[in-house]
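Side chains are part of it too, since the values below use all heavy atoms of this structure and drop only hydrogens, waters and symmetry mates.
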Amino acid sequence: MHARSEPQPEAQAQAGWRWLFVAAILAGSFLLFLVQPMVARMALPRIGGAPAVWNSAMLVYQALLLAGYAYAHWLGRFRLRIQAAVHLAVLAVSAFLLPIGLIGTDLPGAVEPALWVPWLLCASIGPLFFAISAQAPLLQRWYAAVSGGRDPYALYAASNIGSFGGLLAYPLLVEPQFALREQSWLWTAGYVFVVALIAGCGLLLPRMRGGAAVTVPQSPSAEPRRVALWIALAFVPSGLMLATSTFLTTDIVAVPLLWVLPLGLYLLSFSLAFRERSALPHLLAKFVPVMLLLFGATLIAGHQQLAYMNALIGLALLFFVSVALHARMYALRPAPDRLTGFYLAMAVGGALGGVFSALLAPLVFDWTYEYPLLILAAGLLVPQVFLFSGFRQLWATAADRRRLTVLVAIVVVAISALGLWNPGNLFGVLSEQIAFIVVVMIGIATIGVRLPFMITLTGALFIFGGYRAIEMSFSDARTRSYFGVYTVAESAGERRLAHGTTLHGVQLLNGRERVPTSYYVPGSGVGQAMEALPDLYGANARVGVVGLGTGTLACYAQPGQHWRFFEIDPAVAKIARERFTFLRNCLPNPEILLGDARLRLDQADAGSLDLLALDAFSSDSVPMHLMTAEAFASYGRVLAPNGLLLVHISNRFLALSPVVAAAAERGGWHAARLIYQPSALEKQDEASTSDWIALSQDATKLRQLTQRGRGWQPLKARPGYAGWTDDYASIVPMLRALNSELADD
């Protein structure tokens, strides 16, 4: 019987050192990705809540991450203890920017937001983010050098677990519990803790074997083709993550809770992919191509009735594609002594994906074409494995592959044409769906052979949304700006404007162009207020409208009144002037003030408006910074003491009446609510159900409106709910899907 061997002191010491490195990497990554939604949340009052704001922020983070990885790679030429001294000095200098926050500057009216937003974020958090971002690859190299050549790649899983934890912690723990000022000091304490851990790792280096040596790589360097493949494998998940974020934040709400979901899944994919002896990559090699065929077109089809389901499918697809591509990247990784070069290539790919989705795509495309293009790129890069042995036999020889590839191309083109044009109503009303299913079935038989698979994937995307998107682009019906995609469609005697998948205005044609429609019909809350203006404020009433849209409300204007529109997006102003005629027919020379409404209202004279209508939306989401207590204080300042504020809160996903009620209570407003249900006859003229809240700091003036109109009810506050402020806000309590008592609110 053998005596049990006792652990050697050196092994015990190495185990202790390993956990110190793990703790430093995990804590640093946690801190790094906690700051992303935190700073974006701080920026909302200044730069608005457009989805592109988050994509701009992500582009900045990826660029800073690339800079940090390049810096870590450059440090590799020095001795280990010199690396530690230099890095600790960088951390110390960056600490002069603590506590973390935004620099005090506002968006200039003449500056392009796509350029100014990255500058603001870089100037505010650039040095701190840069310093922290370098520590993951740097500490992995230190660990590889001092542990006798042990594989450090497993520590990257700890890095991404920390990143994922930081992202989840923000919307679920930090944002609901702490105001922004407290969040800033919390992050500062975390920074000090991380610096202490890194210093501990650095202090160990001189005492350890090889600590004084320069870590010169001994393994052969990667070929340029291999480096290019690393970059491509990082590019696609990064770009797809931002494209998925655009969908979520356009069609639900632009707040960090939803911003972090795609990024969190993207980071979690690294933790699953960067593992030894994992069966997951092999399984995904089989099933990710199937998912691409079945669900690759889900987010481009535009079925707004299934928004939550589409969101879940889009997130699942992003996650599994990311795991598959990152696992392939991990399988192609170099030896540990080339680690920082590998991570640098990964950061280059991630940054290029961000540039493509956040910067180039909005400038080049009139629609979100980046999403289907990235799905196709994923099909090119994902591993291909035959689903069944019988399929392998079909493609056994090169001659078989050539012959069958030509046949697949011909069949896919023919089925696509039949399904889309449906001659003689051959397939009935489900022609596109039938064609899509047939192409997908053919595609399943091609998995394992890349070219025919790509032909079928292209056909599936083209049938299920791609054709309609291209057709609209050629018809000049769509406009894309930094703030979103706008579509103008005309049919059956009406013209419609949609932002994302949400309708934002309808104009009747054939002599009825002046008739207010949708949420603005005469019986709606805002319609009743507009018709009551002469009685409430006389013939010279002063009116402000936040959110121009199609300009529908202009048709309530009467001679002698002065109207001002506040619109953040110049593209919307152009659409209202050129594609719709509400302004031309009813208010030919409107005053349209471009820029964020809060900033513009802060510049306006106190008491300069009698009525202010708040109707700002990004697709179906209300910008959070327009619903805070500070925002309502701005509205109160610009309104006359007896002025009226009309707030539009119609929303599929959020119950916003408690937010407005809390702001009213805090600001001393009197409030009433009108949920207007149009009649069947009104619906024929494109009237929509609408939810408006009227507020005034003069109870008599509010009573004059509600008694003159019909359907108004006192606004009910939610007991114990404090509402939103610039310093504290969370949408979790307002999500209809998570709160049954709000579902029918």
Separation between CG of Leu65 and OG of Ser238, rounded to the nearest 0.5 Å: 10.0 Å

Ile132 side chain reached by Leu91 side chain, heavy atoms, under 4.5 Å: yes

Aromatic ring pairing Phe235/Phe356, orientation class (parallel under 30°, perpendicular over 60°, tilted between): tilted

Ser322 (side chain) donor-acceptor with Pro237 (main chain) under 3.5 angstrom: no

Flag side-chain contact, heavy atom, 4.5 Å: Phe319 against Leu315: no

Pairwise distance CG(Leu363) to CZ(Phe365) - rounded to 0.5 angstrom: 10.5 Å

Polar side chain donor-acceptor pair, His87 to Tyr71, under 3.5 angstrom: yes

Min side-chain heavy-atom separation Val385-Ile447 under 4.5 Å: no

Gap separating the OG atom of Ser269 from the NE2 atom of His326, nearest 0.5 angstrom: 4.5 Å

Stepwise side-chain contact (heavy atoms from CB on, under 4.5 Å) test for Ile100 and Trp185: CA-CA 8 Å; Ile100 201 166; Trp185 283 107; over 6 Å; no

Audit row: Val236, Leu381, side-chain contact (heavy atoms from CB on, under 4.5 Å) steps and yes/no: CA-CA 9 Å; Val236 173; Leu381 293 171; 3.6 Å; yes

Arg450 side chain vs Val382 backbone, donor-acceptor pair below 3.5 Å: yes

Check: Val323 and Leu268 side chains under 4.5 Å, non-hydrogen atoms: no

Cationic tip of Arg333 above Tyr330 ring, under 6.0 Å, 45° of axis: yes

Point-to-point distance, once rounded to the nearest 0.5 Å, from CG of Leu352 to CG of Leu360: 9.5 Å

Pairwise distance CG(Leu139) to CZ(Phe21) - rounded to 0.5 angstrom: 6.5 Å

